[in-house]
Amino acid sequence: MVNLKCTTTETGLAERAYNNSAKSLSANLNKLENSVVAQIVNFKRDYPQDTGDLDSSIAAVGECRRMLERIERDDLPAHRQRFKQWLDGKVLESIIGFKGALDTQVDTIRESVETLNRSLRLIDYTAATYIRLRADPTRDTEVRDFRHQLRACIPDVGQRNAESNEASFQRIRALIERFEKEQRWTDKVSDVRNWLDFAAEERYREDDKEKNFYSDSSGKSGGQKAKLAYTILASAIAYQYGLDQEEQRTRTFRFVVVDEAFSKSDEDNARYAMNLFKQLNLQLLVVTPLDKTHVVEPYIASCHFVSNSVDENDSRVANLTIREYYEQKATFEQLARAEA
């Protein structure tokens, strides 16, 4: 029989070794538990609808294992791949619809310009010329690059497959990320009015040859700018009201307020504008200072003369027919000079 004897010192060393090992294992276990709990918390955050009853503790490990078994048993990774293919396809369809909507807006603008041109064709800009509007593709680099990127997101119809859909999805994602980061750029490139450069041509009626080209109003006199603006504006107003110059629609609503539009315009251009409004059968309320009334007198049926006291605390309005206005015109002019 063998007798084992341990000294007190040996027993103490063994005890400390075991205690240190236990503490180390306990610390590692706590780290593992904390790591597992953190993953459970992240899992609950990412999938809140599926983990509403799951505890955020180590006790939930068993339920997590059962969920993993269901995932593996139900072949969800395969479903995920099919879902990715479906998602790529739906995103691609959406971007095709987005591009189509923008293209439709551009077509609508072009159609509107052509409608305006039909109206402008009937207006004499001079005795021998008329105005025609143009809407050409813009030369702006940002817009052109965006349109190129948008087209690149859509593969050719005959080349659509899983690989091409994935490549398109990545391009679309990059485009969307830029939409989210660059508001100025997004506002600019998604506004189709920036897709076109607008200009005006003055053409001879006799042979339809171009006389002048106006890409902007720079280099033009004030009178030239005003005349061109009146021509386009009057035609646009008629278009908005759906008026046809060749028809007399006396009972249609076509009301326009002109507020001191002729105060800085020469009389020839002011009369040109009034003739335009008359030709387009527009109903006018012209607000103008007294020294410009002689320009509009031949075109108005009644007058509302507004006057004020010297102290500017007693405004009055006299409502007159054009005949009554002519009869009292001298009196009004004297009042205006007195107030001045």
Side-chain angles (χ1 to χ4, degrees), residues 108-139 193 196-250 252-301 303 322:
T108 299
I109 292 176
R110 292 186 184 278
E111 291 171 1
S112 298
V113 168
E114 287 307 310
T115 301
L116 288 175
N117 281 334
R118 288 194 292 272
S119 180
L120 287 167
R121 190 72 169 79
L122 302 174
I123 297 173
D124 289 331
Y125 191 67
T126 67
T129 63
Y130 71 96
I131 293 295
R132 177 175 176 80
L133 301 179
R134 285 177 50 170
D136 300 323
T138 185
R139 291 167 291 182
R193 291 173 296 183
L196 300 168
D197 287 336
F198 298 95
E201 301 171 330
E202 183 181 0
R203 290 182 169 272
Y204 289 104
R205 290 191 180 279
E206 183 178 4
D207 54 12
D208 211 38
K209 289 183 178 179
E210 182 181 298
K211 178 182 178 182
N212 288 310
F213 180 80
Y214 308 96
S215 59
D216 53 46
S217 59
S218 61
K220 309 296 186 297
S221 67
Q224 288 175 314
K225 294 177 184 178
K227 185 176 181 180
L228 184 60
Y230 289 147
T231 303
I232 298 172
L233 177 62
S235 181
I237 292 172
Y239 165 73
Q240 289 295 328
Y241 279 131
L243 301 180
D244 188 336
Q245 295 179 50
E246 297 177 344
E247 297 180 8
Q248 294 293 325
R249 300 184 181 180
T250 56
T252 58
F253 180 83
R254 50 191 186 281
F255 187 68
V256 178
V257 178
V258 182
D259 185 7
E260 297 193 31
F262 308 137
S263 60
K264 296 181 180 180
S265 176
D266 62 72
E267 293 187 7
D268 288 340
N269 283 321
R271 290 192 179 91
Y272 171 80
M274 292 302 296
N275 279 321
L276 266 183
F277 294 138
K278 181 179 180 180
Q279 182 178 346
L280 294 169
N281 300 315
L282 296 171
Q283 301 163 339
L284 292 182
L285 172 61
V286 182
V287 182
T288 186
L290 195 63
D291 61 348
K292 290 291 184 178
T293 55
H294 64 283
V295 176
V296 300
E297 286 169 3
Y299 306 93
I300 60 177
C303 174
I322 189 63

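The figures that follow rest on heavy atoms only: side chains count, while hydrogens, waters and symmetry mates do not.
Nearest heavy-atom pair across Leu284 and Phe255 is C-CE1, 4.4 Å. Annotation for Ile322 and Glu297: closest pair CD1-O, 4.1 Å, computed over non-hydrogen atoms. Across every non-hydrogen atom of Ser215 and Ala199, the tightest pair is CA-CB, 4.0 Å. Of all the heavy atoms in Ala270 and Val295, the pair that sits closest is CB-CG1, 3.5 Å. Nearest heavy-atom pair, Tyr272 versus Ile123, reported as atom, atom and distance to 0.1 Å: OH-CG2, 4.0 Å. Nearest approach of Val113 to Ala135, heavy atoms of both residues: CG2-CB, 4.3 Å.
Annotation: the span from Thr126 atom OG1 to Arg205 atom CZ amounts to 8.5 Å, rounded to 0.5 Å. Rounded to the nearest 0.5 angstrom, Leu276 CG and Leu233 CG are separated by 9.5 Å. Put simply, OG on Ser119 and CG on Leu133 are 10.0 Å apart, with the number rounded to the nearest 0.5 Å. If you take CZ on Arg121 and CZ on Arg203, they are separated by 9.5 Å, rounding to the nearest 0.5 Å. The OG1 atom of Thr288 sits 9.5 Å away from the CG atom of Asp259 when rounded to the nearest 0.5 Å.
Scanning for side chain to side chain contact (heavy atoms under 4.5 Å, CB included) contacts around Asp207 gives Tyr204, Lys209, with sequence neighbours left out.
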Given side chain to side chain contact (heavy atoms under 4.5 Å, CB included), test Met274 with Val258 step by step and report yes or no.
CA-CA 10 Å; Met274 292 302 296; Val258 182; over 6 Å; no
Between Lys227 and Asp268, does a salt bridge (Lys or Arg N to Asp or Glu O under 4.0 Å) hold up when you go through it step by step?
CA-CA 9 Å; Lys227 185 176 181 180; Asp268 288 340; over 6 Å; no
Evaluate side chain to side chain donor-acceptor pair (under 3.5 Å) for Tyr130 paired with Thr231, printing each intermediate quantity in order.
CA-CA 10 Å; Tyr130 71 96; Thr231 303; over 6 Å; no
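With Arg132 as the fixed residue, the salt bridge (charged side-chain N to carboxylate O under 4.0 Å, His left out) test singles out one of Glu202, Glu210, Glu114: Glu114.
Of the possible donor and acceptor atoms, none in the side chain of Arg134 sits under 3.5 Å from a partner among the backbone N and O of Asp197.
Counting heavy atoms of neighbouring residues, nucleotides and ligands inside a 6.0 Å radius, atom CZ of Arg193 does not exceed 12 of them.
You'll find the side chain of Phe198 reaches within 4.5 Å of the side chain of Ile109, heavy atoms only. Side chains of Leu120 and Tyr125 form no contact here, defined as non-hydrogen atoms less than 4.5 Å apart.
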